[in-house]
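For reference, the structure discussed in these notes is given below.
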Amino acid sequence: MTLAIQTSITELVNTLNEYNHQYYVLDEPTVPDAEYDRLLLSLKELEAANPGYILPNSPSQKVGGVALKAFTQVEHKLPMLSLDNAFNAGDMQAFDKRNVERLMDKQILTYCCEPKLDGLAVSLMYQDGLLVQAATRGDGKIGEDITENVKTIRCIPLQLRGELNKDYPSVLEARGEVFLPTDGFERLNQAQKAAGNKMFANPRNAAAGSLRQLDSKITAARGLAFYAYSIGYIEDAENLLSDSHYGRMVQLKQLGLPMNPEVAKVEGIDACLTYYQGIADKRNALSYEIDGVVFKIDSLPEQNKLGFVAKAPRWAIAHKFPAQEEMTILEEVEFQVGRTGAVTPVARLAPVFVGGVTVSNATLHNADEINRLGVKVGDSVVIRRAGDVIPQIVSVVLNRRPETAKEIRFPECCPVCSSDLEQIEGEAVIRCGAGLFCQAQLKESLKHFVSRKALNVDGLGDKLIDALVDKKMVKTPADLFRLDAFDVACMDRMGQKSAAKLIEALEKAKSTTLAKFVYGLGIREVGEATALNLALHFLTLDKIMQAKEESLLEVPDVGNIVAMHLNKFFAEAHNQAVITDLLALGINWPVIEPVASEDLVLADKTFVLTGTLNNLGRNDAKAKLQSLGAKVAGSVSAKTDCLVAGEKAGSKLTKAQSLGVTIWTEDDMLAFFAKHE
Ligand code: IVH
């Protein structure tokens with residue numbers, strides 16, 4: 001009996017570790033998450049009934065254990081070094097030149113290139129294949145013992161794969177970076193916010209905060225990840241390890257330690273610079289944050305010849321991306337009124353170069369955000385601009401607050417039209433309720449109405465719209481179609497030619513589609529996809545306008561709130577009048593043919609699109625799928641039937657694979673469309 005239990009436990013542990021390895025190291029899951037969870041549960045039940053048989057490499061040991069009182073210190077057997085930085089191609093060329101000169105007999109050096117993860121350096125000590133100690137870098141000589149926390153990181157093996165003294169030496173120290181993937185970071189910050197706790201400024205701080213938890217259960221819940229980037233201390237390793245750094249990374253991967261799939265070996269400095277650019281280009285598509293690229297001389301004998309200076313090796317360098325965080329002064333706060341009346345505080349900043357561009361504005365979102373940050377005008381603030389994201393104020397540097405710092409006061413009435421402001425309970429947004437009578441909302445509504453995805457009027461820019469409204473030449477969207485070339489030609493920066501062109505573009509824009517027209521109306525919560533769904537479902541504008549809440553709810557993606565906004569919009573006499581006016585002025589669209597139900601070949605199927613689609617835009621692909629009856633969702637779940645994975649597909653693809661979801665390439669989708677023209 002006991003032998004049978006022992007065997008079951010061992011088998012379960014081995015199977016689960018194999019699944020973990022497939023998922024985290026090979027990036028090729030073979031079973032859905034649910035199956036993994038089911039097996040883990042059986043293992044835990046068996047272990048609970050037979051605690052004497054819990055194996056040291058059991059995945060159940062990854063949930064965290066008893067809380068510590070303090071971290072103990074660990075002396076590193078070999079110092080954990082840092083890296084010199086390069087900030088441009090010139091620095092990189094100088095680095096290569098120094099290496100070439102010192103190594104004398106070689107002109108073209110082989111480099112191993114790796115993304116520089118923005119996390120925390122960690123040392124993992126394996127004794128006879130078992131993880132016995134994990135430590136932070138600390139000051140490079142002495143770090144902290146974080147073994148219990150590191151054991152909870154799912155992709156870090158508690159036991160190396162392979163055979164002792166054949167595949168790995170008796171003592172092997174793997175080093176690498178522990179990090180929090182971007183989606184986990186966002187989830188953590190949402191939870192921190194909801195609980196009224198301090199939010200983390202960036203994934204690196206969040207990873208550090210998660211690792212330095214005395215209670216490893218908290219660490220376990222944070223979803224940390226790890227990529228190995230070097231081998232440290234070893235014992236009894238004769239001839240076991242490669243003398244190429246890249247080769248050693250591949251060996252670590254074979255032993256079960258995750259290796260970043262972007263790691264590559266290249267020849268010469270030019271190829272390093274090309275690699276840097278390639279990583280910079282795909283930076284936003286990666287599922288984790290990086291702050292540069294690390295280049296290492298690949299040959300270990302060459303590394304040894306070059307040696308170290310102070311705290312950094314001569315044979316490696318970090319080519320950094322431009323900083324994403326900088327400090328500047330908050331000079332003023334202005335309040336902007338958006339299309340839906342939302343009043344948004346906008347920070348005017350002393351210009352600062354961050355994330356590769358000069359930033360002088362940042363959004364402050366709403367009053368809650370201002371309170372959360374505790375920011376005042378005149379404060380020094382930390383600005384973050386990651387990728388193409390709108391710059392954010394992440395924190396206030398309180399010890400630099402001048403005595404003259406001024407409280408930010410939210411306006412009591414609309415800063416544009418002086419109407420009362422309203423705040424719906426439970427919503428953070430404060431709105432001006434004056435609708436199109438508020439000039440700001442009118443301007444923004446017009447900009448939306450003529451935008452590319454709506455009526456797509458060429459040559460009608462924001463400034464011209466502002467001027468047309470200020471001069472009272474346009475009071476409703478319909479007025480646009482009553483403009484005459486002579487009036488327009490008299491406007492600033494316009495001439496007869498551009499005026500004639502605009503009138504022509506307006507004429508052309510009159511022929512549109514029902515979906516684009518409905519989207520262009522700017523009804524709250526009605527985006528492009530919802531507008532298309534409404535058009536496909538009701539086929540005519542009349543039917544959409546008259547639809548009662550129950551029938552609106554039958555439309556995919558339409559819930560109570562959207563239905564409420566639709567009803568409210570179409571019930572307003574002013575909106576009805578503008579629509580009648582627009583139709584009378586000749587706005588038109590082709591009649592939509594009802595689709596026979598047998599043509600809805602994808603009825604009840606849920607699709608998700610991810611990655612870059614090269615032939616069809618994301619929106620067109622979505623529209624086409626919907627026209628065949630499919631639902632198109634934003635995230636992969638057990639309900640997803642098919643994932644269309646374009647180029648550079650990332651975490652959604654991995655998740656879909658792990659769930660056993662059907663995966664199409666863009667070509668598969670196009671072939672399907674061709675069959676169902
Ligand atoms: S190698 C002697 N490789 O950057 C070489 N470091 O500035 C030591 N880092 O403390 C580090 N990604 O935390 C190396 N692929 C990578 C890295 C990396 C991130 C971090 C690491 C280190 C710091 C040095």
Side-chain angles (χ1 to χ4, degrees), residues 74 76-87 91-92 95 99 111-124 134-144 146 150 153 155-156 173-181 202-208 210-212 224-234 244-250 252-253 257-266 272 275-276 278-280 283 286-300 302-321 323-324:
V74 172
H76 296 300
K77 290 230 159 67
L78 291 174
M80 286 185 80
L81 300 167
S82 63
L83 290 166
D84 262 350
N85 291 327
F87 295 101
D91 293 350
M92 284 298 298
F95 162 73
N99 292 332
Y111 288 100
C112 184
C113 320
E114 310 168 10
K116 186 171 189 300
L117 292 152
D118 201 9
L120 246 67
V122 163
S123 141
L124 308 175
T136 61
R137 173 170 178 267
D139 64 4
K141 284 202 184 91
I142 295 184
E144 283 178 324
I146 47 162
V150 163
I153 300 175
C155 65
I156 293 184
E173 182 194 7
R175 293 177 174 179
E177 198 85 346
V178 166
F179 60 97
L180 188 60
N202 52 48
R204 180 192 153 74
N205 289 356
S210 304
L211 256 192
R212 288 197 84 272
L224 292 169
F226 173 85
Y227 278 133
Y229 58 60
S230 73
I231 289 181
Y233 182 74
I234 41 180
S244 139
H245 173 73
Y246 183 84
R248 287 185 164 202
M249 293 301 98
V250 173
L252 286 181
K253 179 171 171 175
L257 284 150
M259 166 184 170
N260 192 324
E262 307 298 341
V263 173
K265 205 161 81 166
V266 307
C272 289
Y275 177 90
Y276 173 84
I279 293 290
R283 184 180 186 186
L286 296 174
S287 57
Y288 46 83
E289 289 227 9
I290 58 174
D291 56 0
V293 172
V294 181
F295 296 98
K296 298 171 185 165
I297 296 261
D298 188 60
S299 147
L300 269 91
E302 284 173 10
Q303 287 187 0
N304 291 335
K305 269 192 215 159
L306 289 165
F308 305 88
V309 266
K311 282 189 169 174
R314 284 207 184 88
W315 43 263
I317 200 156
H319 189 178
K320 300 287 285 275
F321 294 135
Q324 292 191 309

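Each ligand, and each atom within it, is numbered from 1 in the order the structure gives.
- Taking atom 5 (C) of ligand 1 as the reference point, the nearest protein heavy-atom neighbour is Leu83 CD2, 3.7 Å.
- Both the backbone and the side chain of Lys116 come within 4.0 Å of ligand 1, judged by heavy-atom distances.
- Using a 4.0 Å cut-off between heavy atoms, Pro115 contacts ligand 1 through its backbone alone, with no side-chain atom that close.
- To the nearest 0.5 angstrom, Leu257 atom CG is 6.5 Å from Leu124 atom CG.
- Under the 3.5 Å distance criterion, with hydrogens and angles disregarded, a donor-acceptor pair is assigned to the side chains of Glu114 and His245.
- Asn260 meets the side chain to side chain donor-acceptor pair (under 3.5 Å) test with Tyr288; sequence neighbours excluded.
- Aromatic pair Tyr227/Phe179: centroids less than 6.0 angstrom apart.
- Legend: residues meeting side chain to side chain contact (heavy atoms under 4.5 Å, CB included) with Val266, ordered by chain and number and at least two apart, are Tyr111, Cys113, Ala271, Cys272.
- Backbone and side-chain nitrogen or oxygen atoms of Ser82 are examined, and none is located within less than 3.5 angstrom of a nitrogen or oxygen of ligand 1.
- Looking at atom 18 (C) of ligand 1, its nearest protein heavy atom turns out to be Tyr229 CE2, 3.5 Å.
- Remark: ligand 1 and Glu114 share an N or O pair separated by less than 3.5 Å (distance only, no angle test).
- A salt bridge links Arg212 with Glu144: the closest approach of a Lys/Arg side-chain nitrogen to an acidic carboxylate oxygen falls below 4.0 angstrom.
- Minimum interatomic distance between Ala121 and Met80 (heavy atoms only, all atoms of both residues): CB-CE, 4.0 Å.
- Here's the thing with Leu117: one of its N/O atoms is less than 3.5 angstrom from an N/O atom of ligand 1.
- Taking the six-membered ring where the residue is Trp, Trp315 and Phe308 present perpendicular rings, their angle passing 60° and hence far from 30°.
- In Val294, the part holding a heavy atom less than 4.0 Å from any atom of ligand 1 is the side chain.
- Closest protein heavy atom to atom 13 (O) of ligand 1: Glu177 OE1, 2.6 Å.
- Interface atoms of ligand 1 facing Leu81, defined by a heavy-atom separation under 4.0 Å, are 2 (C), 8 (C).
- Residue Pro313 touches ligand 1 through its side chain alone, judged by heavy-atom distances below 4.0 Å.
- The proximity of Lys296 to ligand 1, defined as any non-hydrogen pair under 4.0 Å, is limited to the side chain.
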